[in-house]
Amino acid sequence: MTARTAEVLLRWALRICNHRRPWQHRGPQMLMIESFDRGLSHIWSKGPSHRPLAGLTIYKVRYYSQGKTYGQDVVERKQGNSIQTQSSETWSSQSRTSPDQPAKRVLFYDQLRECGSPSDVLDLAGQYTATHRRVSNCLTRCWESTKKMSEEQRRYELRIMFEHAGFEELLQRTMQDARHMRSEDLAYSLLATVKLGVSQRSRVVQTLLRVCQENLNEFDEKSLSVLASCLEHLESSPNGDALKEGVRLMIEALLPSIQNVMSLQTLMRHMGRDTPVDIKKKLERKALSLADQFTLPNSQYMITTLASMGFCSKPLLAICSRKIAEHVHGVPFNRLVNVLRAYKELHSRDVALFTAISDYVASSISMWNNKQLILFLSAFEDLAFCPAAMLDAFAERVTKNPDALGLKDVLSVLKTYSSLNHNLQGYREPFLEGMTHVVVSYLPKMAASELLKVVYCLCLLGHFPAAPLEQLLQQETLEEISARGGRLQKGMEKKLQIVDLCLRLDQPSLPKPLTVPPEALGSPAPNDLSINPGLSMTLQSIAQEGLLQEGVMVEDLYFIDGVITQPKPLQEATGGRVPSEGEFLPPEHSQRIAVFCAPPSSFCYGTSRPRGNLAIKMRHLTVLGYTPVVVLEHELDNLSEEERTELLKSRIFPEQERPANVEQMTD
């Protein structure tokens, strides 16, 4: 064969090949999920746990989660083949060019932005030839158009979308074009498909997951962040889990080159709580290097991101909290609440930020509804922070219109105010009367456990309305409480014990005497509670002149580490009269000092104000004739023995410190 003949034959062969349709090279098998057994040599080379999947069990399901299941493979259905060919001919032919193609492309995207529902997008898509970008943008627009809809409207529009003939064609085209899409389009297609409610076991989602694995090395910073935000909501599956692990490795590799704050935060959330500490430190350093770019939304999102990672970065929290505190008036309600909840998850506190939020809400209380205010108060109570300005402002609102509160609102408000032990001063009586009025109106609807919580909180506040107490102490109510059993039983018994002590010690003025039956109180507190060893050693060294009794249980409920009994000062015991020489005082004029430890959570954060349970313990000990002295556990742990001695002496015997102070003042 001459060279001329060979050249002619080659030309004819190329012409024949060029006349074949693009989809005919792959055949209908493109619609099936293959037994993917290829891995990424660059990504999956770090140990057995990172090996690619050997295969995937494919369930015969439809492309999406609604409608009947896809009972037969597409390759076995002649009718399906014809539909596929027709839809491919309709959506393809992007290789054809025309002089006005740029103008048509601009017109398509302008019209796409104006689509207000998924069905509008699908109608528009059927009027234009499909490209990889258009397929991805149509899916994304379908999802974006539903984001601002009400829940009912969204369900309706999604149902119309699933029934639309163009949606199945769009998903078919998505699977065909997946391997030809750019990484950004691939990530957005997967995100939109999952957000629209397409079944995560469907072939289209599993195909996108696998193609993402195969092309993961080509993903840039933006594409990777979009993919990570999608994987955050993905159910566990072989392809999904493998892709998640691959993304974690890619994040480590791309970390030095990331320059966008939002992308970094999305990737940080994807890394999650199980990330090794050294990787979290690298992410922290990267975030600190971009701190000058933080906007107000970036600062809010960074705090919640740290909470999702379970990583308390004090430098990042300080930067973000300062920015939020300075611009708190520009932060929406949901984000403020999420920031407070994030601080709780991180076991961190920021008095300046919390005070700024409290003062802002209190000063603009007219723009917040009761539900929002109660959520704020509940978040602060979880943080053990007392938002004084907000508590006063909300108490004033409740006083004016207590009937606006629902039953759940009443339970939450009473829990917050009794726990934080805030002094309402002039609003106290009107507030408690208003709350009592609402409680009485809901008595017929209350369950026994809810009634117990209400009465318990009111007792902590030192308020004893007769109607709730009488209903609580009825035999039927107490039997309902005891019948619950389970892990909550001990807590309810302790609440009843405190209610019983309040009735006996506080001696409220009631129409008729009320007491809790002994059989409803349950077992008393155990007597084998351990004494703080550091406190015990120090008490023994300073209680030489008095009598020390350790491990005292008062009223079968309150545990005291040590009780020091000593004579009262003579002038105080004789009512100011100077005692005569040799005069002895009777034993009842002795002073009992109850010293006990309490954790920091027993106090409102940043203050010395005791919270609910500790406050009522101190109140009852005072009624019983004790002088309560509370010592924080961490104070003893961080001090030497000499410093502990000086601290306890100043707390237990303050009168011994006064002369020295007076001398310093006169000097």
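This structure is a prediction, so every number in the text was calculated from the model and none was measured. Computed from heavy atoms alone, side chains included, the values below leave out hydrogens, waters and symmetry copies. In this chain, numbering begins with 1 at the start of the sequence shown.
In this structure, CG on L503 lies 6.0 Å from CG on L469, to the nearest 0.5 angstrom. How far OG of S308 is from CD1 of I303: 12.5 Å, rounded to the nearest 0.5 Å. Here the NZ-CG distance, from K494 to N613, works out to 5.5 Å after rounding to the nearest 0.5 Å. Here the CD atom belonging to E633 is positioned 6.5 Å from the CG atom belonging to N532, to the nearest 0.5 angstrom. Here the OG1 atom belonging to T627 is positioned 15.0 Å from the CZ atom belonging to R651, to the nearest 0.5 angstrom. Between the SG atom in C604 and the NE2 atom in H422 there is a gap of 9.5 Å [rounded to 0.5 Å].
Using a distance-only test at 3.5 Å, with no hydrogens or angles considered, a donor-acceptor pair links the side chain of Q265 to the main chain of N298. The closest donor-acceptor contact from the side chain of S412 to the backbone of D409 lies at 3.5 Å or more, if one exists at all. Looking at E643, its side chain does come within 3.5 Å of a backbone N or O of S640 through a donor-acceptor pair. A donor-acceptor pair under 3.5 Å is formed between the side chain of H327 and the backbone N or O of K323. Q300 places a side-chain N or O within donor-acceptor distance of the main-chain N or O of L296, the cut-off being under 3.5 Å. A donor-acceptor pair is defined here as one N or O able to donate and one able to accept, closer than 3.5 Å; such a pair exists between the side chain of R619 and the backbone of L460. Side-chain atoms of N421 do not come within 3.5 Å of backbone N or O of G612 as any donor-acceptor pair. A donor-acceptor pair under 3.5 Å is formed between the side chain of T645 and the backbone N or O of E641.
Environment of NZ in K344: sparse, with no more than 12 heavy atoms of neighbouring residues, nucleotides or ligands closer than 6.0 Å. Residue-environment remark: CG (D274) stays at or below the threshold of 12 foreign heavy atoms within 6.0 Å. Within 6.0 Å of atom NZ in K286, more than 12 heavy atoms from other residues, nucleotides or ligands are found, so the atom counts as buried in its surroundings. In the displayed structure, Y360 atom OH is contacted under 6.0 Å by more than 12 heavy atoms of other residues, nucleotides or ligands.
At a cut-off of 3.5 Å, with distance as the only test, a side-chain donor of E381 or S419 sits close to an acceptor on the other residue. A donor-acceptor contact closer than 3.5 angstrom links the side chains of N370 and R397. Checking Q497 against E555 by side-chain atom types alone, no donor-acceptor pair falls below 3.5 Å. Counting only N and O atoms by type, the side chains of Q474 and E470 include no donor and acceptor under 3.5 Å apart. Under 3.5 Å, the side chains of S536 and E550 contain a donor-acceptor pair of N or O atoms.
If you run side chain to side chain contact (heavy atoms under 4.5 Å, CB included) between M446 and each of V439, L411, L452, only V439 comes through. Paired with F380 under the rule ring pair (Phe, Tyr, Trp, His ring centres under 6.0 Å), one option of F394, Y605, F385, Y417 passes, and it is F385. The side chain to side chain contact (heavy atoms under 4.5 Å, CB included) test with L501 singles out one residue from L557, L624, D556, and that residue is L557.
Looking at R504 and D500, a side-chain N of the basic residue comes within less than 4.0 Å of a carboxylate O on the acidic one, giving a salt bridge. Using a 4.0 Å cut-off between charged nitrogen and carboxylate oxygen, K445 and E450 do not count as a salt-bridge pair. One finds no salt bridge joining R322 and D350 here, because no Lys/Arg side-chain nitrogen approaches an Asp/Glu carboxylate oxygen to under 4.0 Å. Using a 4.0 Å cut-off between charged side-chain N and carboxylate O, E284 and K280 make no salt bridge.
For the salt bridge (charged side-chain N to carboxylate O under 4.0 Å, His left out) test, residues two or more places apart in sequence or in another chain that qualify with E345 are R273. Listed by chain and residue number, nothing satisfies the salt bridge (charged side-chain N to carboxylate O under 4.0 Å, His left out) test with D359 (two or more places apart in sequence, or in another chain).
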Between F596 and I531, does the side chain to side chain contact (heavy atoms under 4.5 Å, CB included) criterion hold? Intermediate values first, please. CA-CA 9 Å; F596 54 92; I531 305 170; over 6 Å; no

Under the side chain to side chain contact (heavy atoms under 4.5 Å, CB included) rule, what do Y456 and L496 come out as? Steps first, then yes or no, please. CA-CA 8 Å; Y456 168 74; L496 280 172; over 6 Å; no

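In this structure, S313 and K281 have side chains that are not in contact, with every pair of non-hydrogen atoms separated by 4.5 Å or more. Between L264 and L255, some side-chain heavy-atom pair lies under the 4.5 Å cut-off.
Looking at every heavy atom in both residues, V630 comes nearest to M618 through CG2-SD, 3.8 Å. In plain terms, the two heavy atoms of A291 and I319 that are nearest each other are CB-CD1, 3.9 Å.
For residues 592-602, every residue pair satisfying the side-chain hydrogen bond (donor to acceptor under 3.5 Å, both in side chains) rule, not counting sequence neighbours, is listed here: R592-Y626.
Note: Y343 and F354 have perpendicular aromatic rings, judged against thresholds of 30 and 60 degrees for the angle between ring planes.
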